[in-house]
Amino acid sequence: TGISGLPFSEIVEVGDLLFLSGQIGIDASGMLVRGGVAAETRQTLENIRDVLKRRGSSLDRIVKVTVMLADIGEWAAMNAEYVNAFGEHLPARSAFGTSGLALGARVEIECIALR
């Protein structure tokens, strides 16, 4: 079963590894936050932080991140928020542009973390 009937799991645990499905910048109401890619990146990372916390982990336990952008031209704005959230701990990361994301999101982020 997926989240709210969607065909995927929010997170899959394999030993001490946590594989998070892609997160987008939706708030508690399920709506994308306003303010473009920067605001969506902040909310997406907050959503990831919340998922990890529920599983006994945190942003500083992330080892790999994949960032998908609706427009690769918005990489700098996303990256500024990303660096702000991670600080000194910078996991391995890949980023690429897409032809579209769920709900019209500007950014989607998935990651692998340690418990």
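Scanning both residues, L45 and A85, for their nearest heavy atoms gives CD1-CB, 3.6 Å. Considering all non-hydrogen atoms of both residues, A77 and V37 come closest at CB-CG1, 3.6 Å. The two residues A70 and A105 have their closest heavy-atom pair at CB-O, 3.6 Å. In terms of heavy-atom proximity, A38 sits nearest to E81 at O-CG, 3.5 Å. Nearest heavy-atom pair, I72 versus G97, reported as atom, atom and distance to 0.1 Å: CD1-N, 3.7 Å.
Note: the hydrophobic cluster containing L103 does not contain V33 (ILVMFWY, side chain heavy atoms under 4.5 Å, direct or indirect links). Connection of I48 to I11 is established within a shared hydrophobic cluster, with ILVMFWY side chains joined at heavy-atom distances below 4.5 Å, either directly or through further cluster members. Hydrophobic clustering (ILVMFWY, side-chain heavy atoms < 4.5 Å, transitive): V65 and L59 are in one cluster. A single hydrophobic cluster is seen to contain both V12 and L17, as judged by linkage of ILVMFWY side chains at heavy-atom distances under 4.5 Å, directly or through other members. Residues I62 and V51 fall within the same hydrophobic cluster, defined by Ile, Leu, Val, Met, Phe, Trp and Tyr side chains chained together at heavy-atom separations under 4.5 Å.
With sequence neighbours left out, R61 forms a side chain to side chain donor-acceptor pair (under 3.5 Å) with no residue at all.
Between Q43 atom CD and I26 atom CD1 the span is 8.5 Å, to the nearest 0.5 Å. Note: T41 OG1 to I109 CD1 = 5.5 Å, rounded to the nearest 0.5 Å. To the nearest 0.5 angstrom, F19 atom CZ is 12.0 Å from K64 atom NZ. Going from atom SG of C111 over to atom CD of Q23 covers 8.0 Å, rounded to the nearest 0.5 Å. To the nearest 0.5 Å, the span separating CE on M68 from OG on S94 amounts to 10.0 Å.
The side-chain hydrogen bond (donor to acceptor under 3.5 Å, both in side chains) contacts involving residues 101-115 comprise E13-R115, E74-R106, where partners must be two or more places apart or lie in separate chains.
A 4.5 Å side-chain heavy-atom check between W75 and L69 finds at least one atom pair inside the cut-off. With contacts defined as side-chain heavy-atom distances shorter than 4.5 Å, the pair V107/V67 qualifies. Under the 4.5 Å side-chain criterion, counting only non-hydrogen atoms from C-beta, T44 is not in contact with M78. At least one side-chain heavy atom of F96 sits less than 4.5 Å from a side-chain heavy atom of T66.
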> Can L52 and L20 be said to form a side-chain contact (heavy atoms from CB on, under 4.5 Å), step by step?
Replying inline: CA-CA 9 Å; L52 290 172; L20 277 72; 3.6 Å; yes

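Side-chain atoms of N47 come within 3.5 Å of backbone atoms of I24 as a donor-acceptor pair (strictly under, hydrogens ignored).
At least one test fails for R42 against the ring of Y82: distance under 6.0 Å to the centre or angle within 45° of the axis.
Residues R54 and E10 are paired through a salt bridge, judged by an N-O separation under 4.0 Å between the basic side chain and the carboxylate.
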